[in-house]
Amino acid sequence: MRRVIILGLVVAIGLTAAFANVRAAAAAGITSDRYINNQTHLKQIKADQAWKTVNSNNSIIIAVLDTGVDANHPDLKGNVLPGINLVNPGKSPYDDSANGHGTAVAGIIAARGNNGIGVSGVLWNARILPIKVLDKYGQQDSIDVVAKGIHMALDRGAKVILMSVSSMSYSKALTEAVQRAEASGAVLVAASGNESDRVAYPAAYPTVIAVGAIKSNNEPLYESNSGPELNLVAPGMNVYTTKPGGKYGTLSGTSAAAPQVAGAAALVLARHPGMSPFDVRQLLYQTATDLGERGWDRRTGYGLLNVYRAVRTNPSTDFHEPNNSMGQASPFPIESQIRGRLNPSDTIDWYKMDIPYDGKVTLRGSVTTSISSPMAATFYAENRTPVTYYIGNGDTLTVPAKAGRMLIKLQRSGGVNAFTYVLTSSFAINPDRYERNNNMDTARPLVGNQISVTGNFHEEGDQDWFSYYVREYGRLNITVTPDTKRMDLNMRIGKQGQGWEEYDTGDRDDPTERAQKEVSPGKYYIRISEYWRNQVNGEYRLDLTYTPVRKDVNEPNDTYRQASHLASGTLMTGTLPTHTDSDWFQFTVDSESYVSVRAPFVPVSRGMRIEIYGSQTFNYALAATDQVAQLSDQGKEVIGLKLKPGRYYIRLSSAVSFKYDAYRLTLHKEKLVDGYRDIATHWARSDIARLTRKGVVKGFENATFQPNQQVTRAQFATMLIQAMRAKGLPVGSYTGRNPFGDLSSSHWAYQSLLKAYQLGILQGYPNRTIKPNQPISRAEMAQMTARAQNLLLYKHSRSSYRDVPTSHWASPAIEVLTSRGWLKGYGNLFKPQGRATRAEVVVLLARVYQL
């Protein structure tokens, strides 16, 4: 990852942190604060109900480690102590952040309540100690500054320390600071982070209250980190609070949720001044509103902060009850603490622990009895024989654990009086299957062209080395993807006896490291490490793909004299490894044919060009296009043209070179019949061929006539006029005014349509349109043909077709053309509304004009 913020230490802002122009709301009987009704989070955590019991605590110091605080804000003045600036020592810890993060956080805790202005904090009166640990961008070069901030807060006597900051990386300095805070009697509260991942540090420590964020419907925010370390959730969507300069606005994310818990902890201490940090944590967990599974769950922890219950409930030494049977087992998340009580009438407690990977669970016990072994702990892992250990005060035991569910039964030893126990759990992943591979000499060889391996960093300073032997020139693609953003990957690749290349570009949004490297024969080494050399309970997946340079079996074919033979219907492949390379192919045409070239696959998305030359025309191409790749993607033919008998050449080139995959090329030759490739067996073939030669009709550029295609009004008018000219009739040109609004002078059939209109063959529509592109029906075809011949049209006494009654508007034309043998139906049907086809029109015109 990056090195500065790459460290991962950023303000856990989440979704929004913008100033808001919110309508002033009435106090609704809660407080006199002007915007109290905008603060829906206070009702959600029941702080408004708690205020009837306690609403202030100005006897303890609450340290806010953040971007600083605007101590002159009207709603914070009097609640903020002189602070400390660890970003620019000696300067005031004023909040200079663009979004006013520290001021917003402080306001959620301790905006002065019931003062007739602004908003209310969870506490109305407080002693906030601002400690600026983040710069104006909400960033910091080292997480050790946060550790230093904790020490400074403790030195100033803080008993609640809030950290709405998150780092995905473990830190020894931070660990020591957290341990000192616990020993000093300070309650630590931290945002879980907004990476949609595992809980970040410092929230991940068992002695820190890890706070996630939920919406107004009590569903977790998507960004809110979760997992075994999560303890509580609080509202984190558009929390209305203070902003620098006397303003107000919203803050979203786990940063907005954590200060609500810090405020609740201060209210609890106001009711129970001598309570230990552990007891404060347990009381908040005990009184939370359960949201998910019974008890604790990894999405919402112990549930939604409930300030009212917290300040009115006496602490329990065992709120996990009832958990006296296997079926009632309470959750015991790894990296956490639980407290319980056993006595002569309650001798067994059951817990369930979800193990993410094969590894070891360590439990540290604290028991309120001097008996050496007052409690037996039996571990039931899946597919393993149960194992029993004995735990006394101060004991530590480590148990092998398989990935999956593990049940733990705690049982009071016989003859022991009642006692309370506290267990602190931790977990360490087992070494991966490739250990030990910590240096070049022990590098694990990888074999194959496509390889996927899973590794981890099971201990501090762990490095994983792999080797890969390359037998021929090619390309290596390597990606290393962690399953948790706590893992800051670093990858190095080097050839034996040569230098190293480092790959370290991942960040919190995309922690994957990627390498693409041109390789030559020899041995390569790959080193994967955790940038901060931390032990991480997580895994990475290394995917390696080796692609050799593709052999082009047609080489050398760089000139027309070396051109490879290309037969019709065969698949030809090749590469163009440089932009100066050309591939030549040759083919012969025995009779006039339509030749089409297709490229079923092209390795590049642009830049490939094809040219076709005749054996006597190397000075110019018969056809060419540089859209080969684009036409290939569309599934279209690349080139198609009519060719006379002879030898021809194809030249391929590409401005974008490729050598690891081959293009695929096919050539197809279709013999032309009378100039077309789609009329050889058609019933109207002879008429189509004859009228084509006479210039009455013509086909399309792809050497097709498409005899069964519908005929439009423009096409029919053109064919009709051309037939009249072929017959030698004086047609002339149209020079008059264009009366039709839908006919442009640039239309290809402009002259034919207006001439047919002038001759009375074609009529327009009442709205001054002629609809040139509208298909004509068989009835219209008959009517226009009869008009062109100036035939006498009259109503007949009987009809030749069952579907054309004598009352039909086109019956006279159909009957007269039928009687002359120019027009035929389908047996005793004519299908007057059927669309006229190009073949039908050709045959009709050939008969009418005797062409």
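The structure displayed is predicted, hence computed values, not measured ones.
Using modelled atom types, no side-chain atom of Glu530 and backbone atom of Val536 make a donor-acceptor pair closer than 3.5 Å. Here the side chain of Trp124 pairs no donor or acceptor atom with the backbone of Asn115 at under 3.5 angstrom. A donor-acceptor pair is defined here as one N or O able to donate and one able to accept, closer than 3.5 Å; such a pair exists between the side chain of Arg339 and the backbone of Ser316. Ser164 contributes a side-chain N or O that, together with a main-chain N or O of Ser255, makes up a donor-acceptor pair within less than 3.5 Å. In this structure, Asp33 contributes its side chain and Tyr35 its backbone to no donor-acceptor pair below 3.5 Å. Remark: side-chain polar atoms of Ser366 are not paired, donor with acceptor, to backbone N or O of Val422 under 3.5 angstrom. Lys132 contributes no side-chain N or O that, together with a main-chain N or O of Pro89, makes up a donor-acceptor pair within less than 3.5 Å. For the pair Asp95 (side chain) and Thr103 (backbone), a donor-acceptor distance under 3.5 Å is present. Using a distance-only test at 3.5 Å, with no hydrogens or angles considered, a donor-acceptor pair links the side chain of Asn194 to the main chain of Thr254. Without hydrogens or angle criteria, Ser224 side chain to Ala213 main chain gives a donor-acceptor distance under 3.5 Å.
The minimum heavy-atom distance linking Ile45 with Pro235 is given by the pair CG2-CD, 3.3 Å. Among all heavy-atom pairs drawn from Leu489 and Pro482, the shortest one is CD1-CD, 3.4 Å. Of all non-hydrogen atoms in Gly102 and Ser97, the two that sit nearest each other are N-OG, 4.5 Å. Here the closest non-hydrogen pair linking Leu305 and Ala264 is CD1-CB, 3.8 Å. Scanning both residues, Asp96 and Asp135, for their nearest heavy atoms gives OD1-C, 4.3 Å. Gln337 and Gln282 get closest at one heavy-atom pair: O-NE2, 4.0 Å.
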Apply side-chain contact (heavy atoms from CB on, under 4.5 Å) to Ser216 and Met237, showing your working. CA-CA 7 Å; Ser216 58; Met237 175 69 82; over 6 Å; no
Quick one, Thr396 with Arg364, criterion side-chain hydrogen bond (donor to acceptor under 3.5 Å, both in side chains). Give me CA distance, side-chain angles, the key distance, then yes/no. CA-CA 4 Å; Thr396 298; Arg364 298 189 304 277; 5.5 Å; no
Verdict with supporting geometry, Leu134 and His101, side-chain contact (heavy atoms from CB on, under 4.5 Å): CA-CA 10 Å; Leu134 302 176; His101 191 271; 5.7 Å; no
Evaluate the side-chain contact (heavy atoms from CB on, under 4.5 Å) criterion for residues Val165 and Leu65: first the C-alpha distance (whole Å), next the side-chain angles of each, then the deciding distance (0.1 Å), finally the verdict. CA-CA 8 Å; Val165 300; Leu65 279 58; 5.9 Å; no
Quick one: do Arg299 and Glu219 satisfy salt bridge (Lys or Arg N to Asp or Glu O under 4.0 Å)? Show the steps, please. CA-CA 9 Å; Arg299 293 179 71 243; Glu219 281 295 311; 3.3 Å; yes
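Residues Arg112 and Asp75 are not paired through a salt bridge, judged by the lack of any N-O separation under 4.0 Å between the basic side chain and the carboxylate. Electrostatic pairing of Asp155 and Arg180 counts as a salt bridge here, judged by a charged N lying under 4.0 Å from a carboxylate O. We find that Glu335 and Arg486 are not joined by a salt bridge, their nearest charged nitrogen and carboxylate oxygen being 4.0 Å or further apart.
Atoms CD1 and NZ, on Ile60 and Lys159 in that order, are 9.0 Å from each other to the nearest 0.5 Å. Taken to the nearest 0.5 Å, the CD atom of Glu460 stands 8.0 Å off from the CZ atom of Arg533. Note that the CG atom of Leu162 and the CD1 atom of Ile109 stand 4.5 Å from one another [nearest 0.5 Å]. Distance check: Leu251 CG to Asn99 CG gives 7.5 Å after rounding to the nearest 0.5 Å. One finds the CG atom of Leu304 at 10.5 Å from the CG atom of Asp290 (value rounded to the nearest 0.5 Å).
Counting heavy atoms from C-beta on, the side chains of Ile429 and Glu539 come closer than 4.5 Å. In this structure, the side chains of Val187 and Met275 stay at 4.5 Å or more apart for every pair of heavy atoms. Between Pro259 and Val122 the shortest side-chain heavy-atom distance does not fall below 4.5 Å. By the 4.5 Å heavy-atom criterion applied to side chains, Met168 and Asn225 are counted as neighbours. Between Ile334 and Pro356 there is a side-chain heavy-atom pair separated by less than 4.5 Å. You'll find the side chain of Ser169 reaches within 4.5 Å of the side chain of Asn534, heavy atoms only. Gln260 places none of its side-chain heavy atoms less than 4.5 Å from the side chain of Gln44. At least one side-chain heavy atom of Arg405 sits less than 4.5 Å from a side-chain heavy atom of Lys352.
The six-membered or imidazole ring of Tyr285 lies away from that of His320, with a centre-to-centre distance of 6.0 Å or more.
Checking each of Val119, Asn114, Leu42, Asp48 against Ile36 for a side chain to side chain contact (heavy atoms under 4.5 Å, CB included) leaves exactly one that passes, namely Leu42. The only member of Asp144, Val146, Val145, Val208 that meets side chain to side chain contact (heavy atoms under 4.5 Å, CB included) when paired with Leu174 is Val146.
Between Tyr205 and Tyr170, the angle of the ring planes lies from 30° to 60°, which puts this pair in the tilted group.
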